[in-house]
Protein chains: 4
Amino acid sequence: MIARAAARGPSKRRAIATVVQDKDLVAQRHDEIFRAASRVFISRGYHAATVRAIAREAHLSLGGLYAYIRTKEDILYLVFDRLTTTLRDAMRRAIEGIDDPAERIRAAIHADLKTTEAYQDEILLMYQETKSLDRASRRAVLSREADYVGFFEEILRDGYARGVFKGDPRLAADAIAYLCSIIALRRWSLKSRLSPDEVREGLVAFILRGLGVPVEDDR
Amino acid sequence: MIARAAARGPSKRRAIATVVQDKDLVAQRHDEIFRAASRVFISRGYHAATVRAIAREAHLSLGGLYAYIRTKEDILYLVFDRLTTTLRDAMRRAIEGIDDPAERIRAAIHADLKTTEAYQDEILLMYQETKSLDRASRRAVLSREADYVGFFEEILRDGYARGVFKGDPRLAADAIAYLCSIIALRRWSLKSRLSPDEVREGLVAFILRGLGVPVEDDR
Amino acid sequence: MIARAAARGPSKRRAIATVVQDKDLVAQRHDEIFRAASRVFISRGYHAATVRAIAREAHLSLGGLYAYIRTKEDILYLVFDRLTTTLRDAMRRAIEGIDDPAERIRAAIHADLKTTEAYQDEILLMYQETKSLDRASRRAVLSREADYVGFFEEILRDGYARGVFKGDPRLAADAIAYLCSIIALRRWSLKSRLSPDEVREGLVAFILRGLGVPVEDDR
Amino acid sequence: MIARAAARGPSKRRAIATVVQDKDLVAQRHDEIFRAASRVFISRGYHAATVRAIAREAHLSLGGLYAYIRTKEDILYLVFDRLTTTLRDAMRRAIEGIDDPAERIRAAIHADLKTTEAYQDEILLMYQETKSLDRASRRAVLSREADYVGFFEEILRDGYARGVFKGDPRLAADAIAYLCSIIALRRWSLKSRLSPDEVREGLVAFILRGLGVPVEDDR
DNA sequence: AATGAATGAGAGTTCATTCAT
DNA sequence: AATGAATGAACTCTCATTCAT
């Protein structure tokens, strides 16, 4: 059931209407726009960012940019769409081929923390600006997010069935996915005292204990 | 040391410049502005909210409002300042007089989850819009937040010294405070499946286990 | 019944939303905007006219102008609203106190031709740009126009009952009102050969004959 | 003199510059563009219509369309040029071979009303948007229109010489041609109460009476 | 002869902030 | 201390037209 949800994936993808018809060109430009817009949104925030600045950063004229999107909000959606796809794919690869639930969840958490570290700016942006999307886009992004949490839930449900984990799998999945985002949302708090490695190890241990899995190096 | 941090409290408060002199009047109007602005910011978001709408909601004229603040951003700061004060006070009262570390942390978590539930809109707003504050205001708000985490850290450090908890107190404090905010930031995900009580109990159990405290009702 | 329609008058007036509240000031500024916009619309046409140019002509800043209207289309409606009111009032005054149907219709036609001559630019604009109004505004303007035609219809119906006129009163009213607008819509054609007086007299005679009223000076 | 005017005809036609040389191809494409543009202009209005939409409707690429016209305004001129030609030809055929002035003018009016009914959208467009043409195009279109009025004038002048009509032939010609367009310009007013046949018969009677021709069925 | 991606000037509109009263 | 009219910079978005291919 969750596997289905995760597999469903692109079904919820919202199409971005373009006046340019060449599919390959659109794909290529969307990629450039994604990169340019990420930079601009991250440095200035969605509202303060101007479409002009994004066009400039993407080496496109203003009209040129608008041939590949319809509204400023489309650009934000484009960014989030690419980001959630990247995150999901990274997670898929990370847990592939691991069968033991405890190992699998450990790998998932580790991967999540690593990618969150790598995309901390983008993830922070997503938490802050998903609200700026319209209904349809927001739905699409949240559905991707749900798929992502689904990976955790699937593992937990399996481990729960085998008696490895404690607590409600759905809630735990949500809690774990959320807790991993702490790296992006509270980095100003964490970075001042602990190294990224210490943070990561500490969080893995905390979560595993929270799931009822004994952690070796507890003093 | 942490006690100090928590006690330090108002020291970081940023003053809001007003053209009106009468201190009592300013305090009263600031209170009205806080309430009006909270409503407007929550329903429309910070950027979409107009100063006009806030003035109207606060039963002030546009010029009148500007006698008590200097910029729109001042209003946002005012909202966050009041909110963090409220949150801190609630936390203080919740753990007052409890000595046992496990009981104390349980009470703190419970209180946090309860107030997060009560102020979910405001807290979501704070997570999304702290970035819209200027440096000085942001610093002040984050320092308040740090004080809040300090409550958890203080308890954990004490329990750690007494051998009750596992893991790094600083990281755990951050993790716990952050995890509690899940109620505000991911309510669309949680509410669809679990009751508020189930969420709260599940999170308390997860956190306590994460701290290495045995939880009774684990199957 | 027609008297009612004509009397109904302002009932269909569409309100123009303003952010400025002072009613007198709004009335005064609307008057200035009406005059300025008429000039600009007439010289450049509705679409080519910029709101900036209208603001300049009205000695208002751009934002200032927008405090008295909501959209560019509001300005067009404002112009048409004033114009149709002026036209209607002029017609009312012209036929007041005349009882004989033939004299009354002659006076009405004469008045219409005179005001059409006086407001030819504005009337041409109205014929060309009523389509640029949105549904509600267009309805309001057309309802005014209908009232205007109603004056003719009322007279014709009365004369028809007394056996003075021939043909369908409704159609004749429409035809007469329309024919009078020829002065505004085809002045490039008329002016080249005949004086305004000749045009007016010729049209009055044509119409009266069309209604079946014997015309004296027919050779 | 008028015969000359009517015969002069195409002399005033403004040429549309094309990059394509092949005359037959240009003629064929211009015909397709005329039909496509008429539809688009009528449904959206000249200003709201985009050149893109016209190209699409004409099954041409954007660049392709521009090989047959130079500006958007060229397209509007093209439409009006074809339309006025069509109207003129219809009128010519309608009065051909009729000698009696009264019969001839009756036929002309009837034909005008019929074609106005058939091309009401196009004629309305012409009245509203001739102003959007540049000087040269406008001149060309108005000259065609003058030719059209010339048909009426010719008949009237002849009848006047024979003592059949009253009033100034030139003014009457203008008045008649204009009055016929009422069907296109005020159809919202007419259609609600009378059938097309009633309108047509009523107008013919009104005009004939206006010319001093006795009308049989007057009660 | 045909294509369609690219350009960029310019439009309408909003709103934080000021200041004369 | 209070009012609210006025300002104008800055924003998003459109579309006629060009030109490399």
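- Sorted by first and then second residue, the ring-ring contact (aromatic ring centres under 6.0 Å, His included) pairs with a member in residues 26-45 of chain C read C:Phe41-C:Tyr46; sequence neighbours excluded.
- Remark: C:Val19, C:Val20, C:Gln21, C:Asp22, C:Leu25, C:Arg29 in residues 16-37 of chain C come within less than 4.0 Å of DNA chain F through at least one heavy atom.
- For A:Arg82, the side-chain hydrogen bond (donor to acceptor under 3.5 Å, both in side chains) partners two or more places apart in sequence, or in a different chain, are A:Asp31.
- With hydrogens and angles ignored, the 3.5 Å screen pairs a side-chain donor or acceptor of B:Lys72 with a backbone N or O of B:Ala49.
- At a threshold of 4.0 Å, the pair C:Glu129-C:Arg44 does not count as salt-bridged, since none of the basic side-chain nitrogens sits closer than that to a carboxylate oxygen.
- Positionally, the nearest nucleotide of DNA chain F for B:Ala67 lies more toward the 5' end than for the other of A:Tyr46 and B:Ala67.
- Taking every heavy atom of residues 68-80 of chain D and every atom of DNA chain E, pairs under 4.0 Å involve D:Tyr68, by number.
- D:Leu62 has its CG atom 9 Å from the P atom of F:dA16, to the nearest Å.
- Take A:Asp81 and apply the side-chain hydrogen bond (donor to acceptor under 3.5 Å, both in side chains) test, not counting sequence neighbours, and it matches A:Arg13, A:Arg144.
- Side chains of B:Glu73 and B:Ser137: a donor-acceptor N/O pair is present below 3.5 angstrom, by distance only.
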*Decide yes or no on side-chain contact (heavy atoms from CB on, under 4.5 Å) for D:Leu133 and D:Arg14, but give the supporting numbers first.*
CA-CA 12 Å; D:Leu133 295 171; D:Arg14 204 208 73 184; over 6 Å; no
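- Note on B:Arg35 versus B:Glu32: no salt bridge recorded, every NZ/NE/NH1/NH2 to OD/OE distance being 4.0 Å or above.
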_Pairs counted only when both distances fall under 3.5 Å, Watson-Crick or G-U: show me the 5' to 3' dot-bracket for DNA chain E, [ ] for pseudoknotted crossings and | for other-strand partners._
.||||||||||||||||||||
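- Only B:Ala49, B:Thr50, B:Val51, listed by number, bring a heavy atom of residues 47-60 of chain B to less than 4.0 angstrom from any atom of DNA chain E.
- With sequence neighbours excluded, no residue satisfies salt bridge (Lys or Arg N to Asp or Glu O under 4.0 Å) with C:Arg138.
- In the displayed structure, C:Tyr119 atom OH is contacted under 6.0 Å by at most 12 heavy atoms of other residues, nucleotides or ligands.
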Kindly list each side-chain donor-acceptor pair under 3.5 angstrom involving residues 53-65 of chain C, sequence neighbours excluded, with atom names and distances?
{"residue": "C:Glu57", "atom": "OE2", "partner": "C:Arg39", "partner atom": "NE", "Å": "2.7"}
{"residue": "C:Glu57", "atom": "OE2", "partner": "C:Arg39", "partner atom": "NH2", "Å": "3.4"}
{"residue": "C:Ser61", "atom": "OG", "partner": "C:Gly64", "partner atom": "N", "Å": "3.0"}

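- With sequence neighbours left out, the side-chain hydrogen bond (donor to acceptor under 3.5 Å, both in side chains) criterion links C:Glu122 to no other residue.
- The line from OG1 of A:Thr71 to CD1 of A:Ile69 is 6.5 Å long, rounded to the nearest 0.5 Å.
- Comment: D:Asp134 does not engage D:Arg139 in a salt bridge, judged by the lack of any side-chain N to carboxylate O separation of less than 4.0 angstrom.
- Whole-Å rounding puts the A:Leu65 CG to F:dC11 P distance at 15 Å.
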Ignoring hydrogens and angles, write down the donor-acceptor pairs under 3.5 Å from the side chains of residues 15-26 of chain A, residues two or more places apart or on other chains.
{"residue": "A:Thr18", "atom": "OG1", "partner": "A:Val20", "partner atom": "O", "Å": "2.8"}
{"residue": "A:Asp22", "atom": "OD1", "partner": "A:Asp24", "partner atom": "N", "Å": "3.1"}
{"residue": "A:Asp22", "atom": "OD1", "partner": "A:Leu25", "partner atom": "N", "Å": "3.1"}

What's touching nucleotides 19-21 of chain F from the protein side, N or O pairs under 3.5 Å?
none

